[in-house]
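Structure, as structure tokens:
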Amino acid sequence: MTETLERPAARLLPALQLGPITVDTPVVLAPMAGITNTAFRRLCREYGGGLYVNEMVTARALVERRPESLRIIKHEPDEVPRSVQLYSVDPVTTGRAVRMLVEEDRADHIDLNFGCPVPKVTRKGGGSALPWKTRLFESIVATAVREASRANIPVTVKMRKGIDEDHLTYLDAGRIARDCGVAAVALHGRTTRQHYSGTADWSAIAALREALPDVPVLGNGDIWSAEDALAMVEQTGVDGVVVGRGCQGRPWLFGDLQAAFEGREDRFRPGVATVCRTLLRHAQLLIPYFDGDERKAMQDIRKHVSWYFKGYPVGSALRTQLVTVESYAQLEDLLGQLDPTIGYPGPDAEGPRGRAGSPKKVHLPQDWLESRELNEEQRQIIAAAEVDTSGG
């Protein structure tokens with residue numbers, strides 16, 4: 001159900017330009033491991049415009065043509081532009097991966113992941129740990145831009161503020177990325193140490209926007225509603241927003257965001273019947289994604305249940321059954337037990353969702369913070385770090 005309040009529409013933010021790509025609604029779906037596959041991206045696209053990025057894929061695994069990596073970068077025929085996020089700690093492997101995407105016509109936009117805070121990534125010098133090593137960071141970004149430019153494919157960078165408050169990297173990394181020729185820079189307003197805890201620092205996003213007047217800057221962190229997105233734009237001056245956890249179980253958030261940036265006040269406030277229909281459609285779309293393996297699709301949909309029904313009166317016994325569902329027919333039967341007349345629960349269904357937790361110890365290679373340059377031992381760690389890993 002959509003609540004509509006009439007008023008003259010006035011676009012509040014212009015389209016986002018990434019090289020030859022025009023994103024009419026300046027909203028980006030953040031890559032999330034195990035979440036932003038073709039099924040979820042389709043649901044989001046059906047509600048609103050934006051740039052929908054796939055799950056992060058490791059450059060080495062892509063070059064080695066591992067089946068799961070090839071599945072991750074697969075896009076539907078009507079999915080344009082095709083956006084791929086790469087993770088890498090090695091410029092040579094980065095170049096090979098980007099060359100593969102270019103030569104095989106597998107992407108229209110490439111994003112580089114320097115924001116992942118997961119320990120198995122940072123302990124090898126990757127993700128949000130990598131921008132600390134400025135020359136390595138520059139080499140990876142420059143290589144990706146050079147290889148992608150052969151097909152006029154824009155490259156963007158997603159990063160965090162830094163490792164912790166004493167080791168901030170975002171201003172230096174932003175300038176380096178800009179000088180390498182990226183099409184945009186996205187900043188998650190948290191450090192590696194914060195992980196997903198606390199509050200995103202929008203003032204850092206504003207500082208980056210001011211420092212980079214000649215390249216689009218996108219803001220990420222704590223966008224749970226269209227109103228949050230408007231507030232971020234007003235407070236920081238960003239050219240667009242990146243949405244991650246806020247859309248988990250709420251693909252209609254992209255409809256709200258499009259409405260907000262077009263100056264409209266209509267918002268999606270779904271009742272139980274709509275939530276059930278969307279969850280079933282999500283599950284149905286996952287079956288072909290997993291090559292017809294219905295059981296695997298149902299195992300995947302389980303993690304979405306709590307997000308879809310956040311704030312809705314679903315009893316604990318039924319929730320338990322839903323998160324252990326084995327077949328589509330069983331899922332359909334369980335959802336049929338809910339009262340379809342129950343409406344939108346209001347604020348209880350809104351706000352933070354997904355992982356949060358508390359600040360965490362940052363796992364880094366030995367002596368990583370001693371210098372902005374790699375030592376020989378760290379070079380060896382980096383050389384061995386191109387493994388199939390995931391994060392967001």
Side-chain angles (χ1 to χ4, degrees), residues 30-35 53 55-62 69 85-91 93-94 97 111-141 144 156-174 176-177 185-198 200-201 204 220-221 242 244-245 354-392:
M32 292 179 281
I35 306 293
V53 189
E55 302 171 74
M56 182 185 83
V57 64
T58 303
R60 172 62 61 82
L62 187 59
S69 295
Q85 190 189 63
L86 282 180
Y87 161 87
S88 181
V89 294
D90 173 59
T93 310
T94 302
D111 185 56
L112 299 177
N113 182 310
F114 297 107
C116 181
V118 177
K120 67 179 179 179
V121 169
T122 60
R123 69 164 49 99
K124 294 174 181 175
S128 55
L130 196 143
W132 179 253
K133 302 298 186 181
T134 50
R135 287 193 189 179
L136 177 62
F137 174 79
E138 180 179 16
S139 183
I140 290 173
V141 176
T156 57
V157 163
K158 186 170 185 284
M159 60 188 184
R160 284 185 172 235
K161 287 173 57 181
I163 292 170
D164 54 36
E165 292 298 332
D166 295 323
H167 301 88
L168 299 177
T169 56
Y170 70 101
L171 291 175
D172 288 340
I176 291 170
V185 177
L187 178 63
H188 183 158
R190 286 181 172 86
T191 62
T192 306
R193 185 177 185 278
Q194 280 183 278
H195 215 68
Y196 294 95
S197 69
D201 180 8
N220 177 219
V242 181
R245 293 174 297 152
R355 52 191 171 181
S358 56
K360 302 180 186 299
K361 177 183 177 181
V362 181
H363 296 266
L364 300 167
Q366 187 172 354
D367 299 326
W368 190 255
L369 297 177
E370 295 299 312
S371 168
R372 302 298 296 266
E373 301 295 331
L374 291 170
N375 61 34
E376 188 54 40
E377 182 179 350
Q378 291 163 0
R379 289 183 193 280
Q380 293 176 13
I381 291 172
I382 287 294
E386 285 286 308
V387 296
D388 194 6
T389 187
S390 64

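Starting from 1, each residue takes its place in the sequence as its number. Keep in mind that the numbers below use all heavy atoms, side chains included, and drop hydrogens, waters and symmetry copies.
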Can you check whether [Y]'s main-chain N or O pairs, donor with acceptor, with [X]'s side chain at less than 3.5 Å?
| X | Y | value |
| --- | --- | --- |
| N220 | V242 | yes |
| K133 | W368 | yes |
| E55 | G34 | yes |
| T58 | R60 | no |
| D90 | T93 | yes |
| W132 | L168 | no |
| R190 | G198 | yes |
| T94 | V89 | no |
| Q378 | G125 | no |
| R160 | T191 | yes |

Mind checking the [atom1]-[atom2] spacing from [X] to [Y]? Nearest 0.5 Å is all I need.
| X | Y | atom1 | atom2 | value |
| --- | --- | --- | --- | --- |
| C116 | L130 | SG | CG | 12.0 Å |
| H188 | K161 | NE2 | NZ | 10.0 Å |
| R123 | L364 | CZ | CG | 10.0 Å |
| R245 | I35 | CZ | CD1 | 12.0 Å |
| L112 | M56 | CG | CE | 12.0 Å |
| N375 | E373 | CG | CD | 10.5 Å |

Looking at every non-hydrogen atom in both residues, tell me the closest pair between [X] and [Y] and how far apart they are.
| X | Y | answer |
| --- | --- | --- |
| G244 | M32 | O-CE, 3.4 Å |
| I381 | P365 | CD1-CB, 3.8 Å |
| G174 | V185 | O-CG2, 4.3 Å |
| G126 | Y87 | CA-OH, 3.6 Å |

With S128, which of T122, I163, V118 fulfils side-chain contact (heavy atoms from CB on, under 4.5 Å)?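 Exactly one option meets the side-chain contact (heavy atoms from CB on, under 4.5 Å) with S128, and it is T122.
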Out of V121, T169, V362, which residue meets the side-chain contact (heavy atoms from CB on, under 4.5 Å) rule with T192?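 Of the listed residues V121, T169, V362, the side-chain contact (heavy atoms from CB on, under 4.5 Å) partner of T192 is V362.
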How about [X] and [Y]: do any of their side-chain heavy atoms sit closer than 4.5 Å?
| X | Y | result |
| --- | --- | --- |
| R372 | D172 | yes |
| M159 | L187 | yes |
| L62 | L86 | yes |
| Y170 | P131 | no |

Could you label the plane-to-plane angle of the F114 and F137 rings as parallel, tilted or perpendicular, counting under 30° as parallel and over 60° as perpendicular?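 Geometry flag for F137 against F114: perpendicular rings.
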